[in-house]
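First up is the structure itself, then whatever we jot down about it.
Chain A is the first sequence line, chain B the second, and so forth, proteins listed ahead of strands; every chain is numbered from 1.
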Amino acid sequence: MASVLQKLITPLFTGTPEPPRNKVTVVGVGQVGMACAVSILLRELADELALVDVVEDKLKGEMMDLQHGSLFLKTPKIVADKDYSVTANSRIVVVTAGVRQQEGESRLNLVQRNVNIFKHIIPQIVRYSPDCIIIVVSNPVDVLTYVTWKLSGLPKHRVIGSGTNLDSARFRFLMADKLGIHSSSFNGWILGEHGDTSVPVWSGTNVAGVNLQTLNPNIGTDFDEENWKETHKMVVDSAYEVIKLKGYTNWAIGLSVADLTESLMRNMNRIHPVSTMVQGMYGISDEVYLSLPCVLNSGGVASVVNMTLTDEEVAQLQASANTLWDIQRDLRDI
Amino acid sequence: MSTQEKLISHVMKEEAVGCRNKVTVVGVGMVGMASAISILLKDLCDELALVDVMEDKLKGEAMDLQHGALFLKTHKIVADKDYSVTANSKVVVVTAGARQQEGESRLNLVQRNVNIFKFIIPNIVKYSPNCILLVVSNPVDILTYVAWKLSGFPRHRVIGSGTNLDSARFRHLMGEKFHLHPSSCHGWIIGEHGDSSVAVWSGVNIAGVSLQNLNPNMGADGDSENWKDVHKKVVDGAYEVIKLKGYTSWAIGMSVADLVESIMKNLHKVHPVSTLVQGMHGVKDEVFLSIPCVLGNSGLTDVIHMTLKPEEETQLVKSAETLWGVQKELTL
């Protein structure tokens with residue numbers, strides 16, 4: 001007796017189904033991973049989403065919860081497994097796995113713990129999606145993007161750290177809020193380390209092309225009567241503050257990862273401050289990853305914008321590079 | 001002159017108009033925040049207010065969302081435990097209250113959540129007397145009744161998220177069975193959002209083709225395709241996710257945003273949501289159950305009369321009696 005399916009639907013094409021063209025994998029289904037997943041889903045960026053983690057029940061529960069919302073989404077296939085075969089043919093892999101900062105803990109403390117986790121994750125990602133672009137989110141992101149690059153063997157333009165995309169977003173929000181305008185109308189870049197020593201490029205801050213440093217030459221210095229430097233400090237402290245209040249941060253980083261995914265997936269050639277291999281730039285001789293303005297498209301980091309930085313800003317970048325290299329050279333087994 | 005004064009000159013003499021499309025979410029737990037992020041990512045409001053009693057968590061969540069402002073089209077995100085922050089909301093989503101523990105049924109939560117609502121609802125009404133209340137907290141049908149009584153609002157402005165999610169889960173499972181997108185699979189689950197929801201088999205269709213016509217045993221015990229199990233999976237769906245990850249959030253959050261969208265954009269779209277069903281389908285008591293309703297910017301303006309089988313109507317009446325049994329014991 002024919003089933004309802006057979007009575008209702010006559011197949012015209014019975015070959016193997018087409019592979020996904022816009023598949024995204026998120027590794028790690030903690031708060032950050034799931035915020036990235038939901039932002040990517042609600043922005044309709046992927047035709048397939050894969051989730052991977054080691055905690056099997058949580059992983060299955062998160063997958064089911066997303067699948068139950070599939071009526072409201074345009075991503076028809078959501079899969080999850082602890083086995084990486086489920087990630088095959090991904091265009092973009094977002095790595096959020098690893099341990100997170102405890103209250104008051106700096107990002108650099110997490111390093112060796114997360115390196116050990118990455119030694120398991122990265123080779124598996126590359127095995128199943130050798131042509132993918134990897135976005136590293138786990139902290140300390142600049143060091144772990146370097147680690148990912150080393151462990152993956154991928155060319156450097158296909159390994160990106162979420163870097164200061166979020167710091168810059170926070171900076172633009174806080175500055176714009178002070179001026180009463182939308183964040184997207186305030187242009188400002190934070191570069192360098194995603195962390196305590198990030199570099200606000202005051203000389204580039206502008207609204208409608210009007211340079212703020214020209215209006216206030218002391219901006220960002222200790223002599224500034226308006227104390228704009230405080231805004232950068234608030235950016236550096238924001239993550240710690242949110243962690244203190246709610247235990248972790250997730251929404252802002254999730255939205256910022258979706259923003260990067262959009263540029264990569266849609267081949268947009270938009271410029272984002274993300275962590276890339278900066279050896280040879282700004283007098284940096286070590287193999288380190290730091291955030292600079294990068295043009296992102298479907299190939300990954302297409303190019304880097306040469307920002308005009310003051311001597312002091314260059315010195316800050318070099319200092320970050322030195323700090324990061326000090327940590328990296330002590331890492332074992334990469 | 002400050003940098004701001006040098007850069008920007010204010011030229012408007014009147015008071016700023018302020019928000020016209022404000023949404024408030026009460027409760028910043030997993031469901032509240034999933035609702036908030038879904039609403040924000042769908043660009044549904046120009047101001048979002050969050051309220052809760054846990055001040056640190058509340059402030060942290062608001063800051064985390066504000067830090068994403070660059071990527072959003074909602075300019076103002078505010079939060080406070082004081083309800084004045086919710087003033088002039090068009091829609092208020094209530095997710096506050098205790099949630100089901102593993103294995104606990106929704107009806108067990110009742111009196112705990114009624115007491116919480118006695119504080120929340122009057123505060124919402126005080127600051128947004130013209131808003132539309134969307135109740136999500138469980139047991140949603142009873143709490144929508146409670147919100148209606150406590151608010152004094154006309155019934156078209158008090159809506160329970162009801163079986164919007166159950167129907168979404170059902171359509172997802174249907175989609176898996178037929179390898180189709182859920183939006184092309186039509187099926188309505190009505191009645192109680194919970195263990196005694198009613199799957200209206202006669203309405204299940206794809207491209208207008210009634211599946212029950214193709215399989216007359218659909219949903220019955222003799223059904224070789226065991227469609228009854230699909231409905232059971234819907235009922236068990238929430239319990240299973242809770243067992244695996246501790247709670248459910250994403251699906252309910254997206255379903256709330258779906259309802260808020262119909263309201264804010266005045267879509268006149270039909271959704272299965274919880275409304276006063278007294279006088280319909282043989283229900284005599286003052287209870288709220290889910291039936292297909294038309295949602296727009298005035299709220300829930302019309303209901304659809306489904307042609308139900310006698311067994312289906314009996315089930316609705318039975319749910320109504322169960323709910324009334326609980327409601328009449330409540331101290332409001």
On the six-membered ring of B/W227, is B/K177 placed so that its NZ or CZ lies under 6.0 angstrom from the centre and within 45° of the ring axis? yes
Count the heavy-atom pairs under 4.5 Å between each of A/L212, A/I219, A/L73 and chain B, then report the option with the highest count. A/L73
Quick one: which of B/H75, B/M54, B/K73 has the most heavy-atom pairs under 4.5 Å with chain A, could you say? B/H75
For B/G222 and B/N217, which heavy atoms make the closest approach, and how far apart are they? O-ND2, 3.9 Å
Any side-chain donor-acceptor pair under 3.5 Å between A/H194 and A/S291? no
Under-4.0 Å salt bridge between A/D53 and A/K58: no
Which answer fits B/L173, side chain, backbone, both or neither, if we ask what part of it has an atom under 4.5 Å from a heavy atom of chain A? neither
Contact origin within A/S39 toward chain B - heavy atom pairs under 4.5 Å: both
Whatever's closer than 4.5 Å to a heavy atom in chain B on A/E56 counts as neither
Please tabulate, for the side chains in residues 32-40 of chain B, all donor-acceptor contacts under 3.5 angstrom to protein atoms that are two or more places apart in sequence or on a different chain.
unit_1 : atom_1 : unit_2 : atom_2 : d
B/S35  : OG     : B/V31  : O      : 2.8
B/S38  : OG     : B/A34  : O      : 2.8

Under 4.5 Å from any heavy atom of chain B - which part of A/N250: both
Looking only at heavy atoms and a cut-off of under 4.5 Å, which of B/M254, B/E225, B/H67 has the most pairs with chain A? B/H67
Chain B contact via A/L174 - side chain, backbone, both or neither, heavy atoms under 4.5 Å: neither
Mind ranking B/L65, B/L7, B/L180 by heavy-atom pairs under 4.5 Å with chain A and telling me who comes out on top? B/L7
Option that, when pairs with chain B are counted at under 4.5 Å, heavy atom only, ranks first among A/K244, A/R172, A/E225: A/R172
Answer with side chain, backbone, both or neither: which region of B/M174 has an atom nearer than 4.5 Å to a non-hydrogen atom of chain A? neither
Can you say whether A/M34 sits under 4.5 Å from chain B via the side chain, the backbone, both, or neither, judging by heavy atoms? both
For A/L215, is it the side chain, the backbone, both or neither that has a heavy atom under 4.5 Å from a heavy atom of chain B? both
Donor + acceptor pair across side chains of A/H272, A/S168 (<3.5 Å): no
Between B/E55 and B/K59, does at least one N-O distance fall below 4.0 Å, as a salt bridge requires? no
I'd like to know which of B/V28, B/I242, B/L211, B/L41 tops the heavy-atom pair count under 4.5 Å against chain A. B/L41
Determine, for B/K228 against B/D223, whether the closest basic-nitrogen to carboxylate-oxygen distance falls under 4.0 angstrom. no
So for B/E61, is it side chain, backbone, both, or neither that comes closer than 4.5 Å to the heavy atoms of chain A? both
When the ring planes of B/W201 and B/F170 are compared, do they come out parallel, tilted or perpendicular, using 30° and 60° as the limits? perpendicular
Can a salt bridge be assigned to the pair B/K233 and B/E240 using a cut-off of 4.0 Å between side-chain N and carboxylate O? no
Heavy-atom pair count under 4.5 Å with chain A, highest-scoring of B/V209, B/L165, B/L72: B/L72
State, to 0.1 Å, how close A/M265 and A/L45 come at their nearest heavy-atom pair, and which atoms those are. CG-O, 3.4 Å
Test: B/E261 and B/K42 ion pair at under 4.0 Å: yes
Using heavy-atom distances under 4.5 Å, tell me whether B/S249 contacts chain A through its side chain, its backbone, both, or neither. both
Please tell me whether B/T3 and A/E226 have a donor and an acceptor in their side chains that are separated by less than 3.5 angstrom. yes
Winner by heavy-atom pair count (cut-off under 4.5 Å) against chain B, out of A/M64, A/Q67, A/M63: A/Q67
For each of B/R171, B/Q66, B/K57, tally heavy-atom pairs with chain A at distances under 4.5 Å, and name the one with the top tally. B/Q66
Using non-hydrogen atoms and a 4.5 Å limit, figure out which bit of A/I181 sits close to chain B: side chain, backbone, both or neither. both
Which region of A/Q213, side chain (C-beta onward) or backbone (N, CA, C, O), has a non-hydrogen atom less than 4.5 Å from a non-hydrogen atom of chain B, or is it both or neither? neither
